[in-house]
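Since the structure comes first, as structure tokens, the remarks are kept for the end.
Each chain gets a letter, A, B and so on, in the order the sequences are listed, and its residues count up from 1.
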There are 2 protein chains.
Amino acid sequence: MCDSWRVRRYFHPDPKDIRLPAVLFALSDATRLGIVLALSDGREHTAGELGGDIAKSTMTHHLKILRESGLLWVRSEGTRCFNSLRTADLEQRYPGLLGHLLGSATRDGYGSAGDRGNGRPALPGRGPGEGPAGAEAGTD
Amino acid sequence: MCDSWRVRRYFHPDPKDIRLPAVLFALSDATRLGIVLALSDGREHTAGELGGDIAKSTMTHHLKILRESGLLWVRSEGTRCFNSLRTADLEQRYPGLLGHLLGSATRDGYGSAGDRGNGRPALPGRGPGEGPAGAEAGTD
DNA sequence: CCCAATGTTTGATAGTCGCGGTACATAGAT
DNA sequence: ATCTATGTACCGCGACTATCAAACATTGGG
């Protein structure tokens, strides 16, 4: 009856210790970008749900990088781990950034990790792509 | 007197070929983040101006990654190369993203590559950090 | 011509990353 | 206890990255 509660101990950086290069590096991989995009519905997802055709150890590796960069929170329950985006902490640290990032990723079609067809980020701050500030394309 | 125009040929990706993971990877390095931040004044800077105490070849390496990711444009003139941010192209591809990125980087204090003390991004779209969309901090 | 200034290219090194495979640990069910 | 499901830890491999030093190329000026 599991009285000892050997819940897995995950390291999560304090919001103050979240570093922008680490966050950007975590998102600079298409696989991880897809994972974050799949998590952008605000719900919790297990590693199994997020994992497509990649090996389990690879998924653990990616989730570790995302977690240690401060992008997601992992909650252990039984044999499963529930991953969720740290939207509030990220929003506090970098207001509006995550929303723009995920919006840009969605428009680029990186939502192919586990859940596709998700069109709305459901994140604080309205979706990006509204009102481009007159991009004058004519550099050359 | 230089009638032959042997201007150096740099590769610049088409705006349509700019990929978000490549952009994020380019910005996931503190040195490159500092370079981009130094360039965020909208002016052109030579590699020599941007280079702090790092080797010239290292600077060439970083500038190449930034250029090939679509973040900056390089113009050759004489023996010097003038680097500038591709703000318009980036704004067209990912509206508002670069501004938020640089704003977050500034707040984290990554403006220490060549020009420090620059407080305003001077980029299309107002500076970030103004009007956060009600970050409800209460994850835990 | 030679020399200085500015970048680029090449080589070398040490470290990291992405990936999978295997073994291991934990929780739940039989 | 055994089996299954779910993840993690560890190992190795190939590829990539960051860094520098040295050699090279190009331009401009004596």
Side-chain angles (χ1 to χ4, degrees), chain A residues 1-12 19 21-36 44-69 72-84 113-114, chain B residues 1-12 19 21-36 44-69 72-84 113-114:
Chain A
M1 29 158 60
C2 63
D3 210 42
S4 55
W5 267 52
R6 293 232 175 163
V7 189
R8 236 171 244 282
R9 219 71 173 186
Y10 295 103
F11 166 74
H12 294 92
R19 295 281 171 267
V23 171
L24 298 183
F25 176 78
L27 294 175
S28 70
D29 182 274
T31 302
R32 290 193 290 263
L33 202 52
I35 292 173
V36 170
E44 289 180 319
H45 294 264
T46 65
E49 293 173 350
L50 297 168
D53 47 352
I54 66 178
K56 290 191 301 178
S57 52
T58 304
M59 175 57 72
T60 298
H61 166 68
H62 284 312
L63 291 179
K64 180 181 179 183
I65 291 185
L66 288 169
R67 171 172 49 84
E68 293 184 343
S69 75
L72 55 87
W73 192 274
V74 188
R75 178 175 62 87
S76 170
E77 185 178 311
T79 71
R80 275 171 297 187
C81 60
F82 291 93
N83 305 271
S84 57
Chain B
M1 34 154 73
C2 64
D3 211 38
S4 53
W5 266 51
R6 294 243 177 152
V7 190
R8 236 173 243 282
R9 215 79 174 179
Y10 295 102
F11 166 74
H12 294 92
R19 295 280 172 267
V23 171
L24 298 184
F25 175 78
L27 294 175
S28 70
D29 183 276
T31 302
R32 290 193 290 264
L33 203 51
I35 292 173
V36 170
E44 288 180 320
H45 294 264
T46 66
E49 292 172 350
L50 297 168
D53 47 353
I54 68 178
K56 289 190 301 178
S57 52
T58 303
M59 175 57 73
T60 298
H61 166 66
H62 285 312
L63 291 178
K64 180 181 179 184
I65 289 185
L66 288 169
R67 170 173 49 83
E68 293 184 343
S69 76
L72 53 87
W73 191 275
V74 188
R75 180 175 61 87
S76 170
E77 185 177 308
T79 70
R80 276 170 297 187
C81 61
F82 292 93
N83 305 269
S84 56

field: Heavy-atom neighbours of B:Arg19 CZ exceed 12 at 6.0 Å
entry: yes
Could you work out which one of [options] sits closest to the side chain of [X]?
X	options	result
A:Thr79	D:dT8, D:dA5, D:dA18	D:dA5
A:Thr60	C:dT9, D:dG7, C:dG18	D:dG7
B:His62	D:dT6, C:dC19, D:dA18	D:dA18
B:Thr58	D:dG7, D:dC20, C:dG7	D:dC20

If the cut-off is 4.0 Å, is [X] near the phosphate of [N], judged by side-chain N/O to OP1 or OP2?
X	N	value
A:Arg8	C:dA25	no
B:Tyr10	C:dT8	yes
B:Thr31	D:dA18	no

Gap between atoms [atom1] and [atom2], on [X] and [N] respectively (whole Å):
X	N	atom1	atom2	result
A:Arg9	D:dA9	CZ	P	14 Å
B:Ile35	D:dT19	CD1	C1'	13 Å
A:Phe11	D:dA9	CZ	C1'	18 Å
A:Phe82	D:dT8	CZ	C1'	17 Å
B:Glu44	C:dG7	CD	P	12 Å
A:Met59	C:dG20	CE	P	10 Å
B:Ile54	C:dT6	CD1	C1'	15 Å
B:Arg75	C:dT6	CZ	C1'	15 Å

query: Relative to the 5' end of DNA chain C, which residue comes earlier, B:Lys56 or A:His61, by the nucleotide with the nearest heavy atom?
result: B:Lys56
query: DNA chain C: B:Lys64 or A:Asp29, which has the more 5' nearest nucleotide?
result: B:Lys64
- request: Could you tell me the separation between the CG atom of A:Asp29 and the CD1 atom of A:Ile65, rounded to the nearest 0.5 Å?
  value: 7.5 Å
message: Would you call the rings of A:Phe25 and B:Phe25 parallel, tilted or perpendicular, taking 30° and 60° as the class edges?
response: tilted
query: So B:His45 and B:Phe82, side-chain contact (heavy atoms from CB on, under 4.5 Å) or not? Walk me through it.
result: CA-CA 5 Å; B:His45 294 264; B:Phe82 292 93; over 6 Å; no
- prompt: side-chain contact (heavy atoms from CB on, under 4.5 Å) between B:Asn83 and B:Glu49: does it pass, once the steps are laid out?
  reply: CA-CA 10 Å; B:Asn83 305 269; B:Glu49 292 172 350; over 6 Å; no
field: Heavy-atom pair with the smallest gap, counting every atom of B:Met59 and B:Gly51
entry: CE-CA, 3.2 Å
message: Looking at every heavy atom in both A:Ser28 and B:Leu24, which two are closest together, and how far apart are they?
response: CB-C, 3.9 Å
Pairwise N/O distances under 3.5 Å, protein to nucleotides 10-14 of chain D:
none

task: With heavy atoms under 4.0 Å as the rule, sort A:Ile65 into base, sugar-phosphate or nothing.
output: sugar-phosphate
field: Over-ring placement of A:Arg75 relative to A:Tyr10, 6.0 Å and 45° cut-offs
entry: no
